[in-house]
Protein chains: 2
Amino acid sequence: MPEIEALKSGSSTQRDGLNHQAIEDYLKTIYMLAELESPVSTSRIAEARDVKPASVTSMLQRLAKLKMVDYKKHSGVTLTTAGEKVALEVIRHHRLLELYLMEALGFEWDEVHEQADILEHVISEKLEERIAAFLGHPTVDPHGDPIPAKDGTIVAVDTISLANLATGTQAQITRIIDDANSEMLRYLAELGLTPGTEFTVVDIAPFDGPFSLQVGDNVKIVGRTIANSILVTFV
Amino acid sequence: MPEIEALKSGSSTQRDGLNHQAIEDYLKTIYMLAELESPVSTSRIAEARDVKPASVTSMLQRLAKLKMVDYKKHSGVTLTTAGEKVALEVIRHHRLLELYLMEALGFEWDEVHEQADILEHVISEKLEERIAAFLGHPTVDPHGDPIPAKDGTIVAVDTISLANLATGTQAQITRIIDDANSEMLRYLAELGLTPGTEFTVVDIAPFDGPFSLQVGDNVKIVGRTIANSILVTFV
DNA sequence: AATTAAGTTTAGATATACCTCAAAAGCTAA
DNA sequence: TTAGCTTTTGAGGTATATCTAAACTTAATT
Ligand SMILES: [Mn+2]
Ligand SMILES: [Mn+2]
Ligand SMILES: [Mn+2]
Ligand SMILES: [Mn+2]
């Protein structure tokens, strides 16, 4: 693991190994928020992590000292190369674990996020490698999210939100955002709307209208909230 | 998980899940030391955990407050039913994980202890259950240590140390103690002295003499240190 | 240019979970 | 009864992670 070597400096608080939790989570959060808007503001991070902005500020100062982020007062943060490396590694762990829990241990796609969120911080490089090998070095997780490669490469497929499609469009589901929302995931699985599914938009009701999707012989109807969470590619 | 519900009281420090580490480790230590001598003294625990006795005392007070141990100043501790339950659960996790890492992911028996020591504190009940099911609800781990059942039952086989055998005795290896000692484990694997192996003591050299063991067509020689770590049953 | 609202940072606190050292206290066996 | 060992106390340290309230910065609006 890159493992934030900088951290392991003085202290050597005996049984480490479970420490960096918070740091890794912040870096992951920053990475993800940066995909939407960069630099990432203090308040965005505070919202995402459900803490007060003041807490974020002090963590950003810590991360800056560790050279994990470039931080200048009042102007948000960006990850440094080192910070991005850690973020990508944690994300890799998370997504590999999600897929592993499903493939190897029969978990459902709405159950894996929580457990992966914990395990992502504690698996060794060796365990990561064995899991990846078992899975045949996959590039996408159960929710369609890309799995960063060991070298930090990440293959992002160009997608568009289902909510932006016009009637008549044919497309394929590639990714569900907010993979932490178990209820929605369970519901989508029930409807059969999972990554890989092809469909045609047969109707969009007016205003924030529900979308009617033709999937095989069936028509599935989803509201705007769900439509926003489904990313698709054209077939 | 029994999970020390008592702890989760007030604070509710949002992203818990990785906390109880130290507590669980102390309970595990106490459980294991109690097998040798009970009640367990402060200094025994301090040695085992490699901390100062003063640290142990304060942890024991904490554990007593949590009703995990019966503790009376100056007279050592014993686990309460609740404490033993937690200890057994952690041990169950540890041993299931060790076996799982070998069976499912191709780890070697000298590599699994370290990773299991971390993971044991963070797997959910569901993950534990899936792992146990995958393994066919095993009762011994790769080092021959018994795996406590969900209900806390633990099947201890009666064993004797190889070091206590007399020349001519036939026996079978059931268990290796100090499963944390990678080097010894690697060496034993090399010699083919793993749980299940049958052998006959063909010679014991004088003083703290090496033991010569007939295993199939070969004779393997082990010193006293190793002999002490090998527990056997008669065939 | 001055005002203002929104967002951000500081300062000061609180809390918890470890841990240490040094000294006091307690125990036990000769 | 006392020496020697073990254990506990008390004071203190470090690190992490959070909060509130006040002060400040920035950018947009008069
Ligand atoms: Mn890794
Ligand atoms: Mn996912
Ligand atoms: Mn369990
Ligand atoms: Mn073991």
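Since we're looking at a predicted model, the values are computed, not measured. So you know, we letter chains A, B, ... as the sequences are listed, proteins then strands, and number each from 1.
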Trainee: Can you tell me how far C1' of D:dT18 sits from CG of A:Asp25, to the nearest Å?
Mentor: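 Rounded to whole Å, this separation is 15 Å.
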Trainee: Taking only residues two or more places apart in sequence or in another chain, which ones pass ring pair (Phe, Tyr, Trp, His ring centres under 6.0 Å) with A:Phe134?
Mentor: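 So A:Phe134 forms a ring pair (Phe, Tyr, Trp, His ring centres under 6.0 Å) with A:Tyr100.
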Trainee: Provide, to the nearest angstrom, the distance between the NZ atom belonging to A:Lys52 and the P atom belonging to D:dT16.
Mentor: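 Going from A:Lys52 (NZ) to D:dT16 (P), I get 23 Å.
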Trainee: Going by the rule side-chain hydrogen bond (donor to acceptor under 3.5 Å, both in side chains), which residues pair with A:Ser43 if we only count those two or more places apart in sequence or in a different chain?
Mentor: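 So A:Ser43 forms a side-chain hydrogen bond (donor to acceptor under 3.5 Å, both in side chains) with A:Ser41.
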Trainee: Would you mind reading off the bend of the helix from C:dA1-D:dT30 to C:dA30-D:dT1 from its two end axes, five pairs each, to 10 degrees?
Mentor: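 Here the local axes at opposite ends form an angle of 20°.
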Trainee: Between C:dC18, D:dT20, D:dT18, which one does the side chain of B:Met59 approach most closely?
Mentor: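 The closest nucleotide is C:dC18.
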Trainee: For the pair B:Arg224 (side chain) and B:Pro210 (backbone), establish whether a donor and an acceptor sit closer than 3.5 Å, ignoring hydrogens and angles.
Mentor: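 Side chain of B:Arg224 to backbone of B:Pro210: no pair is present.
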Trainee: Looking at C:dT9, C:dC18, D:dC19, which one has an atom nearest to any side-chain atom of B:Ile23?
Mentor: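 Side chain of B:Ile23 sits closest to C:dC18.
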Trainee: Nearest-Å distance, CZ (A:Arg49) to C1' (D:dA17)?
Mentor: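 That distance rounds to 10 Å.
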Trainee: How close or far is atom C1' of C:dC18 from atom NZ of B:Lys65, stated in whole angstroms?
Mentor: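 B:Lys65 atom NZ is separated from C:dC18 atom C1' by 15 Å.
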Trainee: Side-chain N or O of B:Gln21 versus OP1/OP2 of C:dA17: is the shortest distance under 4.0 Å?
Mentor: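 No, because none of the side-chain N or O atoms of B:Gln21 sits under 4.0 Å from OP1 or OP2 of C:dA17.
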Trainee: Take atom CG of A:Asp50 and atom P of D:dT18, then tell me their distance rounded to the nearest Å.
Mentor: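 The distance from CG of A:Asp50 to P of D:dT18 comes to 10 Å, rounded to the nearest Å.
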Trainee: Salt bridge or not between A:Arg186 and A:Glu108? Use side-chain N to carboxylate O under 4.0 Å.
Mentor: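 No, A:Arg186 and A:Glu108 are not salt-bridged.
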Trainee: Of the nucleotides C:dC19, D:dT18, C:dT9, which has the atom closest to the A:Ser58 side chain?
Mentor: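 From the listed options, D:dT18 comes nearest.
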Trainee: Is the shortest heavy-atom distance from the side chain of B:Ile226 to the side chain of B:Tyr187 under 4.5 Å?
Mentor: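 Yes - at least one pair of side-chain heavy atoms lies under 4.5 Å apart.
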Trainee: Tell me whether the OP1 or OP2 atom of C:dT8 has a side-chain N or O from A:Tyr71 closer than 4.0 Å.
Mentor: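 Answer is no, no contact under 4.0 Å.
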Trainee: Atom CD of B:Glu24 to atom P of C:dC18: distance rounded to whole Å?
Mentor: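 So the CD-P distance, B:Glu24 to C:dC18, works out to 11 Å.
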Trainee: Checking B:Glu35 now: which residues fulfil side chain to side chain contact (heavy atoms under 4.5 Å, CB included) with it, not counting sequence neighbours?
Mentor: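 Testing B:Glu35 for side chain to side chain contact (heavy atoms under 4.5 Å, CB included), a comparison that skips the adjacent residues, returns B:Tyr31.
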Trainee: Keeping A:Thr80 on the side-chain end and A:Asp70 on the backbone end, is there a donor-acceptor pair under 3.5 Å?
Mentor: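 Side chain of A:Thr80 to backbone of A:Asp70: no pair is present.
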Trainee: Taking the six-membered ring for Trp, is the centroid-to-centroid distance between A:His113 and A:His143 below 6.0 Å?
Mentor: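 Not under 6.0 Å, so no.
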Trainee: Would you call A:Lys150 and A:Glu125 a salt bridge, using N to O less than 4.0 angstrom?
Mentor: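 Yes, this pair counts.
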Trainee: Return the nearest nucleotide to the side chain of B:Thr57; candidates are C:dA11, C:dC19, D:dT9.
Mentor: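 Per side-chain heavy atoms of B:Thr57, the pick is D:dT9.
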Trainee: Below the 4.0 Å mark, does D:dT16 have OP1 or OP2 next to a side-chain nitrogen or oxygen of A:Tyr26?
Mentor: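 Result: no.
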Trainee: Please write out each protein N/O paired with an N/O of nucleotides 5-7 of chain C under 3.5 Å, distance rounded to 0.1 Å.
Mentor:
none

Trainee: Once side chain to side chain contact (heavy atoms under 4.5 Å, CB included) is applied, do any residues pair with B:Ser161, and if so which ones, sequence neighbours excluded?
Mentor: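 Counting only residues at least two positions away or on another chain, B:Ser161 forms a side chain to side chain contact (heavy atoms under 4.5 Å, CB included) with B:Ala163, B:Asn164, B:Asn228, B:Leu231.
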Trainee: What's the CZ-C1' distance between B:Arg62 and D:dT9, to the nearest Å?
Mentor: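 About 18 Å, once rounded to whole Å.
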Trainee: D:dT9, C:dT9, C:dC18: which one has an atom nearest the side-chain heavy atoms of B:Lys73?
Mentor: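 Comparing D:dT9, C:dT9, C:dC18 against the side chain of B:Lys73, the answer is D:dT9.
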Trainee: For B:His121 and C:dA17, what is the distance between atoms NE2 and P respectively, to the nearest whole Å?
Mentor: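 Nearest whole value for this atom pair: 16 Å.
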